[in-house]
Amino acid sequence: MLKALNEQVNKEMYSAYLYLSMSAHCTNVGLNGFANWFMVQYQEETFHAMKIYNYINEQGEKVVLQAIEKPPSDFGTPLEMFQATLKHEQFITKSIHDLVTLALEEKDYATQIFLQWFITEQIEEESNDNEIISKLKLIGDNTSSLFVLDKELSVRVFTPPAVE
Ligand code: OFO
């Protein structure tokens with residue numbers, strides 16, 4: 001279980017790095033609202049990684065960090081970027097579900113309860129991506145509508161979830 005939790009810290013840190021790279025890409029093409037959205041996502045992912053990091057420590061075990069893989073730097077259109085984001089989140093959801101399965105197999109009920117927060121969080125992550133994908137499909141090639149969405153995404157702020 002400990003090995004799998006340490007791997008999940010790495011996956012969350014990769015998620016953070018991936019979204020930071022997407023944010024840089026958006027800034028570079030002049031979509032500052034999208035860049036803000038991905039910057040907040042980067043902060044959320046760092047929070048996820050640290051939540052597991054702190055849990056491992058609380059359990060009296062050792063966090064062992066691994067190298068973070070290099071993320072891509074080109075992401076195509078905003079629609080393609082959000083489709084890639086959704087695909088990545090589906091991969092993370094599967095990874096969280098695998099952790100729950102392992103916790104149950106090992107009768108590690110504390111970790112199973114700890115992971116419930118992540119199950120709920122992943123529902124929200126995928127739903128956010130799906131909502132933006134739907135909007136981007138409606139927008140199509142309409143640049144002025146794209147800028148309206150860009151403005152909408154510019155107001156997102158990172159709010160650390162309350163500590164349960
Ligand atoms: Fe940590 O939820 Fe996204 O990856």
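Below, all heavy atoms of this structure are taken into account, side chains as well, without hydrogens, waters or symmetry copies. Ligands are counted one by one from 1 in listed order, and the atoms in each one are counted from 1 as well.
Looking at Ser15 next to ligand 1, an N or O pair under 3.5 Å apart turns up. Considering backbone and side-chain N/O of Glu45, one or more are found under 3.5 Å from N/O of ligand 1.
Under a 4.0 Å heavy-atom criterion, Lys11 is not in contact with ligand 1.
No more than 12 heavy-atom neighbours from other residues, nucleotides or ligands sit within 6.0 angstrom of CZ on Phe147.
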Test ring-ring contact (aromatic ring centres under 6.0 Å, His included) on Tyr55 and Trp117 and set out the steps. CA-CA 12 Å; Tyr55 176 73; Trp117 184 89; over 10 Å; no
Could you go through the side chain to side chain donor-acceptor pair (under 3.5 Å) check for Gln122 and Glu126 one step at a time? CA-CA 6 Å; Gln122 283 309 118; Glu126 290 190 24; 4.9 Å; no
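Ligand 1 places these atoms under 4.0 Å from at least one heavy atom of Glu12: 1 (Fe), 2 (O), 4 (O). For ligand 1, the atoms lying closer than 4.0 Å to a non-hydrogen atom of Ile92 are 4 (O). Within the listing of ligand 1, atoms 1 (Fe), 2 (O) sit less than 4.0 angstrom from a heavy atom of His48.
Taking the six-membered ring for Trp and thresholds of 30 and 60 degrees, Phe38 and Phe82 have ring planes inclined between 30 and 60 degrees apart.
Contacts between Glu89 and ligand 1 below 4.0 angstrom, taking non-hydrogen atoms only, involve the side chain exclusively. When non-hydrogen atoms are compared, ligand 1 lies under 4.0 Å from neither the backbone nor the side chain of Glu44.
Atom 3 (Fe) of ligand 1 lies under 2.8 Å from an N, O or S atom belonging to Glu125.
Note that the CZ atom of Phe34 and the CE atom of Met81 stand 7.0 Å from one another [nearest 0.5 Å].
The backbone N or O of Leu153 lies less than 3.5 Å from a partner atom in the side chain of Asn36, making a donor-acceptor pair. Panel note: side chain Thr27, backbone Ser23; a donor-acceptor pair is recorded below 3.5 Å.
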